[in-house]
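Take a look at the structure below.
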Amino acid sequence: VNSMDLALADFYCKNSDYEKGLKLYRELINNTFDEAEQHDITNRYLNHALFHAQKLMMDKKYIEAIEQYRDMMKYAGFPINIYKNIGLCMKAIGNADLAIKFLKRFEEISPDKEDVYIYLADLTYTDIKDNKKAIEYYEKALTKNQNNYSLYNMLGHLYSTCYQDKYKEKQIDYLTKAFELAPSNRIVVKNLAY
């Protein structure tokens with residue numbers, strides 16, 4: 001029966017009937033006695049559930065995606081990028097505090113966190129209005145994104161906003177680099193001229 005249920009779960013998920021397929025996978029995980037088989041079924045479940053949750057995110061069904069991610073977190077071995085994805089869903093539904101909490105958790109455990117710094121910086125700047133903390137995150141993001149003119153532009157703008165005439169050299173350096181990378185961008189030109 002387990003083999004038949006596993007075949008059905010695979011079939012349902014491959015044919016986008018995730019409700020039936022993922023439910024069968026969860027039942028199989030809870031009813032399987034062999035540790036190796038349980039590990040295999042859990043990995044299959046996590047792969048299908050992750051694909052489904054990411055599709056829900058792309059379709060802007062953020063609450064449903066969060067529910068999928070929450071279910072996945074009940075099983076050992078879930079992918080750590082779930083923290084980032086939940087953070088992005090929370091941002092999309094307007095919960096900046098939880099978004100930051102999940103993104104910070106991802107930052108703590110992820111070996112590749114540079115894009116998370118951009119999300120944290122954007123959230124901190126737009127939703128939390130903590131420009132000094134946003135500067136800290138944008139500067140961390142810059143270490144791996146040295147050809148991203150928008151990071152340089154934001155840093156120049158934030159230094160100007162936060163510190164006015166203090167750190168003027170830093171403002172000019174950041175905005176000059178942004179201009180070198182995007183000389184036809186009028187916002188960069190305006191900020192540098194200012």
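As a basis for the values below, the full set of heavy atoms in this structure was taken, side chains included, without hydrogen atoms, waters or symmetry mates. Positions are given from 1, in the same order as the sequence printed here.
Q68 is linked by a side chain to side chain contact (heavy atoms under 4.5 Å, CB included) to L22, A49, H52, A53, L56, counting only residues two or more places apart in sequence or in another chain. Residues meeting the salt bridge (Lys or Arg N to Asp or Glu O under 4.0 Å) test with D130, sequence neighbours left out: none. Listed by chain and residue number, Y159, Y163 satisfy the ring-ring contact (aromatic ring centres under 6.0 Å, His included) test with Y167 (two or more places apart in sequence, or in another chain). With sequence neighbours excluded, no residue forms a salt bridge (Lys or Arg N to Asp or Glu O under 4.0 Å) with D5. K166 pairs by the salt bridge (Lys or Arg N to Asp or Glu O under 4.0 Å) definition with nothing, not counting sequence neighbours. For T161, the side chain to side chain contact (heavy atoms under 4.5 Å, CB included) partners two or more places apart in sequence, or in a different chain, are N131, H157.
Y119 has its side chain out of reach of F106: every pair of non-hydrogen atoms, C-beta onward, lies at least 4.5 Å apart. Between I118 and M154 the shortest side-chain heavy-atom distance does not fall below 4.5 Å. Counting heavy atoms from C-beta outward, L142 and N148 have side chains that stay 4.5 Å or more apart. D40 has its side chain out of reach of E37: every pair of non-hydrogen atoms, C-beta onward, lies at least 4.5 Å apart. Residues D71 and R26 have side chains in contact (heavy-atom distance under 4.5 Å, counting atoms from C-beta outward). Contact check for I82 versus P79: side-chain heavy atoms found under the 4.5 Å cut-off.
Both tests do not hold together for K177 against F179: distance to the six-membered ring centre under 6.0 Å, angle to the ring axis within 45°.
Between the side chain of N145 and the backbone N or O of A141 there is at least one donor-acceptor pair closer than 3.5 Å.
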Practice prompt. With side chain to side chain contact (heavy atoms under 4.5 Å, CB included) as the test, would you mind laying out the steps for Y62 and L88 before giving the verdict?
Written response: CA-CA 9 Å; Y62 301 112; L88 296 176; over 6 Å; no
Discussion item. If you apply the rule ring pair (Phe, Tyr, Trp, His ring centres under 6.0 Å), what do you find for Y12 with Y18, and how did you get there?
Written reply: CA-CA 6 Å; Y12 288 137; Y18 290 102; over 10 Å; no
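Comment: D165 engages K168 in a salt bridge, judged by a side-chain N to carboxylate O separation of less than 4.0 angstrom. Ion pair K140/E107 flagged as a salt bridge, since at least one NZ, NE, NH1 or NH2 atom sits closer than 4.0 Å to an Asp/Glu carboxylate oxygen. A salt bridge does not link R70 to E67: none of the charged side-chain nitrogens sits closer than 4.0 Å to a carboxylate oxygen. Under a 4.0 Å N-O distance rule, the pair K55/D59 qualifies as a salt bridge.
Judged purely by distance below 3.5 Å, without hydrogens or angles, the side chains of N2 and N31 never pair a donor atom with an acceptor atom. Residues N85 and Y69 bring a donor and an acceptor atom of their side chains to less than 3.5 Å of each other.
Contact between G87 and A99 at its shortest, heavy atoms only, is O-CB, 3.2 Å.
Aromatic rings from Y138 and Y117 are positioned such that their centres are separated by 6.0 Å or more.
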